[in-house]
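Everything below concerns the one structure shown next.
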Amino acid sequence: MIKEYRTIQEVTGPLMLVKNVSDVAYDELGEVELPSGERRRCKVLEVNGSDVLVQLFENSAGINLADSKVRFLGHGIELGVSPDMLGRVFDGMGRPRDGGPEILPDERRNINGTPMNPASRNYPDEFIQTGISTIDGLNTLVRGQKLPIFSGSGLPHAQLAAQIARQAKVLSADAKFAVVFAAIGITFEEADFFISDFKRTGAIDRTVLFINLANDPAIERISTPRMALTAAEYLAFEKNMHVLVILTDITNYAEALREVSAARKEVPGRRGYPGYLYTDLATMYERAGRNLDSEGSITMIPILSMPEDDKTHPIPDLTGYITEGQIILSRELYRKNILPPVDVLPSLSRLKDKGIGAGKTREDHSGTMNQLFAAYARGKEAKELMTILGEAALSDIDKLYAKFSDEFEKKYVSQGYDENRSIEETLDLGWKLLSILPKSELKRIKPELIEKYLPEEEQ
């Protein structure tokens, strides 16, 4: 029997204090019934004896303290999961927003999930092809990895996210692949872009979309990524699918967390964010991985826009500690119209060595990757010298490296948002660019691989 309480003591903004409540737990879901019969949902933020502080999902306008009733539902926020979710668009609370019918769930799951037992985790070691050379060739994504994209305001991370969602796949033919895409606190235009792009390309058929708009309540923004991860866990560990989870934008999520924390009058940490931001982000990121008991896996790409392009800001800083590397977008490359503007040198995938090589990508992958990094870094140095001292100060070999740097950006980094390159095309393009340099400079690649793969006319 669900009890009803008419003991609302106070309403302040999105927060509401209810007195004389019994048997209620933290994070429990509740309903407020207004005198008109309208119902609004809320969530328990704090329990202090018989006093309960709840946060409203909708606004508090029209709540009459004397005549409104509160009932607590005995469970946290839940998502009904089913294979029918694929191809559907939901809001941040898991309700259909594509005009389609409600999902008939196989089961209902608490969106906070249960942590994966560290002893049952399987090591990520299988290549995922995104079709983007700078990721596949140089900062390889591995199945079960968490690889964030660090962007800046105004940079085209939305287009990059849509491209990865469209193109990503596991190379084994029998693998069932799905994408769970959560858009957090985005504008209506961005939401429209994602939905229409997925429908236009047919990617929607293997995708579950959760869309939380900027004018939705902050508390809903906190639930959106957890809704997405709950759907991903079901598809990965119950249906044995390889699931890629893309979360954009984590900065909007952290801002909502700061807003809720300030409303609760908690002691702020760095830059006003709550002191538990690290722990909170980890409860999401650590839901990715592979499980020994299941064929399926969850690979995660969180996207966050760094305030003022500052890598030391708490959100990218803490994300970097929890995840296995980062892809960084460059404003300088974007100004040169190099798209996607991935800044290769500071980007890093810590698990790239585990997902490449013979039987996974190709035997020459590791050597060409190291050689391309080294040559591009030296080419950038040569171009800086040229800017300061003039071209006459450069040796002939330095001029070749400077030329390599320009060609590398134009042909390898810049590929637009519609070109889907296979890993073979990416590796062959790398060899073509390395052929600009004398053979004697290719010191990071085994001689037998140079003989085998360097284009004939250049040998």
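Numbering starts at 1 and runs along the sequence shown. Note that this is a predicted model, so its numbers are computed, not measured. These numbers come from the heavy atoms of this one structure, side chains and all, not from hydrogens, waters or symmetry mates.
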I'd like to know if [X] and [Y] make a salt bridge, using a cut-off of under 4.0 Å between side-chain N and carboxylate O.
X: K439; Y: E441; answer: no
X: D27; Y: K43; answer: yes
X: D317; Y: R271; answer: no
X: E58; Y: R40; answer: no
X: R290; Y: E295; answer: no
X: E255; Y: R258; answer: yes
X: R88; Y: E102; answer: no
X: E78; Y: R109; answer: no
X: D364; Y: K446; answer: no
X: R362; Y: E424; answer: no
X: R200; Y: D197; answer: yes
X: R95; Y: E220; answer: yes

In terms of heavy-atom contacts, does [atom1] of [X] have more than 12 from other residues, nucleotides or ligands at under 6.0 Å?
X: K169; atom1: NZ; result: no
X: Y321; atom1: OH; result: no
X: Y276; atom1: OH; result: yes
X: E448; atom1: CD; result: yes

Worksheet entry | Any residue meeting ring-ring contact (aromatic ring centres under 6.0 Å, His included) with Y234, in chain and number order, not counting sequence neighbours |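 Y234: no ring-ring contact (aromatic ring centres under 6.0 Å, His included) contacts found.
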Worksheet item: Considering the options K352, K146, R350, which one meets the side chain to side chain donor-acceptor pair (under 3.5 Å) requirement together with E324?
Response: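 Only one option passes, and that is K146.
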Would you say the side-chain atoms of [X] and [Y] include a donor-acceptor pair closer than 3.5 Å?
X: Q145; Y: S349; value: yes
X: Y401; Y: E381; value: no
X: T130; Y: D136; value: yes
X: T134; Y: N139; value: no
X: S405; Y: R378; value: no
X: Y453; Y: T368; value: no
X: R166; Y: T201; value: no
X: Y253; Y: R226; value: yes
X: T299; Y: R143; value: no

Fill in: Partners passing side-chain contact (heavy atoms from CB on, under 4.5 Å) against A232 (at least two apart in sequence or in another chain)
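For A232, the residues satisfying side-chain contact (heavy atoms from CB on, under 4.5 Å) (neighbours in sequence not counted) are V180, V243, V245, I298.
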Practice prompt. State which residues pass side-chain contact (heavy atoms from CB on, under 4.5 Å) with K410; sequence neighbours excluded, sorted by chain then number.
Written response: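 Checked K410 against side-chain contact (heavy atoms from CB on, under 4.5 Å); matches are E407.
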Item to complete: Please determine which of M85, R108, E107 meets the side-chain contact (heavy atoms from CB on, under 4.5 Å) test together with L79.
Response: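 Answer to the side-chain contact (heavy atoms from CB on, under 4.5 Å) test with L79 among M85, R108, E107: M85.
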Practice prompt. For K360 and E126, run salt bridge (Lys or Arg N to Asp or Glu O under 4.0 Å): C-alpha distance rounded to whole Å, both residues' side-chain angles, the deciding distance at 0.1 Å, then the answer.
Written response: CA-CA 7 Å; K360 292 176 182 174; E126 205 174 322; over 6 Å; no
Worksheet item: Of all heavy-atom pairs between E233 and G113, which one has the smallest distance, and what is that distance?
Response: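 Heavy atoms only, the tightest pair is OE1-CA, 4.2 Å.
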Worksheet entry | Heavy-atom pair of closest approach, residues G152 and D309 |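 Smallest interatomic distance, heavy atoms only, reads CA-OD1, 3.4 Å.
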Worksheet item: Would the F194 and F181 ring centres measure less than 6.0 Å apart?
Response: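 Judged by ring-centre distance (under 6.0 Å), F194 and F181 do meet the cut-off.
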Practice prompt. May I ask you to check whether Y273 and H313 place their ring centres under 6.0 Å from each other?
Written response: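 Close enough - the centres of the two rings lie under 6.0 Å apart.
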Main chain of [Y], side chain of [X]: is a donor-acceptor contact present, judged purely on distance under 3.5 Å?
X: D249; Y: S305; value: yes
X: N212; Y: G92; value: no
X: Q55; Y: P14; value: no

If I take atom [atom1] from residue [X] and atom [atom2] from residue [Y], how far apart are they, to the nearest 0.5 angstrom?
X: E238; Y: S294; atom1: CD; atom2: OG; value: 8.5 Å
X: I186; Y: N252; atom1: CD1; atom2: CG; value: 9.0 Å
X: I356; Y: T361; atom1: CD1; atom2: OG1; value: 5.5 Å

